[in-house]
Asker: 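Submitted below is the structure of interest, expressed as structure tokens.
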Amino acid sequence: MEIIRTVKNLRKELTPLREFGKTISLVPTMGYFHEGHLSLMDIARKSSDIVVVSLFVNPIQFSPNEDLERYPHDFERDEQLAEERGVDIIFYPDVKEMYPEPFYTYVSTEELSRVLCGASRPIHFRGVTTIVAKLFNIVQPDIAVFGQKDAQQAIIIKQMVKDLNFPIKIIIAPIIREKDGLAMSSRNKYLSTEERKQAPTICKALTRAHEEVRLGNKNAKEIEDLIREIISRACLAQIEYVEIVDDSTLDKVEQIKPGTIVTVAVFFGKTRLIDNVILLKE
Ligand code: AMP
């Protein structure tokens, strides 16, 4: 496995491979790997000849009041885990390499980036789409793998690829969870012992709601109320939103149909957790 820190060297490495007809997949990450990240690498490994993982904590997707400075990192551990999963290249640029000054150009998916998480994180998705578009141009992968854990991000990336004609197949990988149901996230590390104990309530509420929908209740308002009620039983939980939305427009729905997504953001102390479930999926 190679660690490459500059755009120039990455291009130098990938150009001949592409010319030899090798297929390339890209897994964009911010590091501090857990099984969720590693599952994306496994999918990439199975789907292409060359697996590139990017590791970059992207400053432009964090607001000044967010956790950029304390975002967890452990490059040596990440390097070892990626190597074990058969990754070929880790692209590990620094901020100057990705945003040499001056930098003026942003990619924005407009309305899609203003709802749900975008309502409280107004610059977040513009930062995500900008860095992902840059990575797509730098790596020129055939395939890129993202996680369903970040449902809104997945929908936004698919829309960006369509709107801007990127010739890239997007694979969305299922959510990997801890044994007690908590969706894996680098930010789970911030939870106190008591918060960590209560956090699985989010997954329990989503599972219970999914059951209710399977049993025939298609009324989005009732399902939303049920989820709020279950999550509120955890005394440390502060709900930011519970929304039941269309899986491509992110518009709120009244009647649940196959593919409708329930998506939630909940604070435990200062830690903001997100989770979601796709309803009535075959
Ligand atoms: P991050 O490093 O948090 O930016 O995540 C990098 C990629 O891993 C994104 O596409 C995430 O959606 C995905 N990911 C994060 N957590 C999980 C998880 N628990 N299961 C599956 N994919 C995940």
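Start at 1 and go down the list; that is how both ligands and their atoms are numbered.
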Asker: Is the cationic atom of R187 (NZ for Lys, CZ for Arg) positioned less than 6.0 Å from the six-membered ring centroid of Y71 and within 45 degrees of its normal?
Answerer: no
Asker: Counting only N and O atoms by type, is there a donor-acceptor contact under 3.5 Å from the side chain of R45 to the main-chain atoms of G86?
Answerer: yes
Asker: Side chain to side chain contact (heavy atoms under 4.5 Å, CB included) between I274 and D150: does it pass, once the steps are laid out?
Answerer: CA-CA 8 Å; I274 56 169; D150 297 275; 3.5 Å; yes
Asker: Cation-pi check for Y190 against R70: NZ or CZ below 6.0 Å from the six-membered ring centre and within 45 degrees of the axis, yes or no?
Answerer: yes
Asker: Are any of the N or O atoms of I175 closer than 3.5 Å to those of ligand 1?
Answerer: no
Asker: Return a yes/no value for A173: is any of its N or O atoms, backbone included, closer than 3.5 angstrom to an N or O of ligand 1?
Answerer: no
Asker: Measure up the Y106 and F103 rings against each other and bin them: parallel (under 30°), tilted (30 to 60°), perpendicular (over 60°).
Answerer: perpendicular
Asker: Measure the spacing between CD1 of I50 and CD1 of I143 and express it to the nearest 0.5 Å.
Answerer: 12.0 Å
Asker: Would you find a donor on one side and an acceptor on the other, under 3.5 Å apart, between the side chain of N276 and the backbone of I261?
Answerer: no
Asker: Salt bridge or not for R18 and D49, using N-O below 4.0 Å?
Answerer: no
Asker: Would K149 count as a polar contact of ligand 1, with the cut-off being nitrogen or oxygen pairs under 3.5 Å?
Answerer: no
Asker: Could you check atom 20 (N) of ligand 1 against the protein and tell me its nearest heavy-atom contact, residue, atom and distance included?
Answerer: I176 N, 2.9 Å
Asker: Under 4.0 Å from a heavy atom of M184: give me the atoms of ligand 1 that qualify, with their elements.
Answerer: 16 (N), 17 (C), 18 (C), 19 (N)
Asker: Quick check: H37 and ligand 1, any N/O pair under 3.5 Å apart?
Answerer: yes
Asker: Number the atoms of ligand 1 from 1 as they appear, then name those within less than 4.0 Å of a heavy atom of D150, with their elements.
Answerer: 11 (C), 12 (O)
Asker: Looking at D67 and R272, is there a salt bridge between them, counting it only when a charged N and a carboxylate O are closer than 4.0 Å?
Answerer: no
Asker: Decide whether the shortest distance between a heavy atom of A154 and an atom of ligand 1 is less than 4.0 Å.
Answerer: no
Asker: Considering only non-hydrogen protein atoms, determine which one is nearest to atom 4 (O) of ligand 1 and report residue, atom name and distance to 0.1 Å.
Answerer: M30 CG, 3.6 Å
Asker: Give the single entry among G147, S54, P28, S39 that approaches atom 22 (N) of ligand 1 most closely by any heavy atom.
Answerer: G147
Asker: For ligand 1, which part of P174 has a heavy atom less than 4.0 Å away: the side chain, the backbone, both, or neither?
Answerer: backbone
Asker: Heavy-atom contact check, 4.0 Å cutoff: does R177 meet ligand 1?
Answerer: no
Asker: Taking 4.0 angstrom as the limit and counting only heavy atoms of Q153, give me the atoms of ligand 1 inside it, by number and element.
Answerer: 9 (C), 10 (O)
Asker: Do the side chains of K221 and D225 get close enough for a salt bridge, i.e. N-O under 4.0 angstrom?
Answerer: yes
Asker: So how far is it from I223 CD1 to E212 CD, rounded to the nearest 0.5 Å?
Answerer: 5.0 Å
Asker: Give the atoms of ligand 1, by number and element, whose distance to some non-hydrogen atom of F146 is under 4.0 Å.
Answerer: 10 (O)
Asker: Which part of E35 is near ligand 1, with near meaning a heavy atom under 4.0 Å away: side chain, backbone, both or neither?
Answerer: neither
Asker: If you measure from each heavy atom of R187 to ligand 1, is any distance below 4.0 Å?
Answerer: no
Asker: Looking only at N/O atoms, are V145 and ligand 1 under 3.5 Å apart anywhere?
Answerer: no
Asker: Select one of side chain, backbone, both or neither to describe which atoms of H34 lie under 4.0 Å from any atom of ligand 1, heavy atoms only.
Answerer: side chain
Asker: Quick test: of every protein heavy atom, which one is nearest to atom 13 (C) of ligand 1, and how far off is it to 0.1 Å?
Answerer: L40 CD2, 3.7 Å
Asker: Look at the side chain of N188 and the backbone N and O of L273, then say whether any donor-acceptor pair between them is shorter than 3.5 Å.
Answerer: no
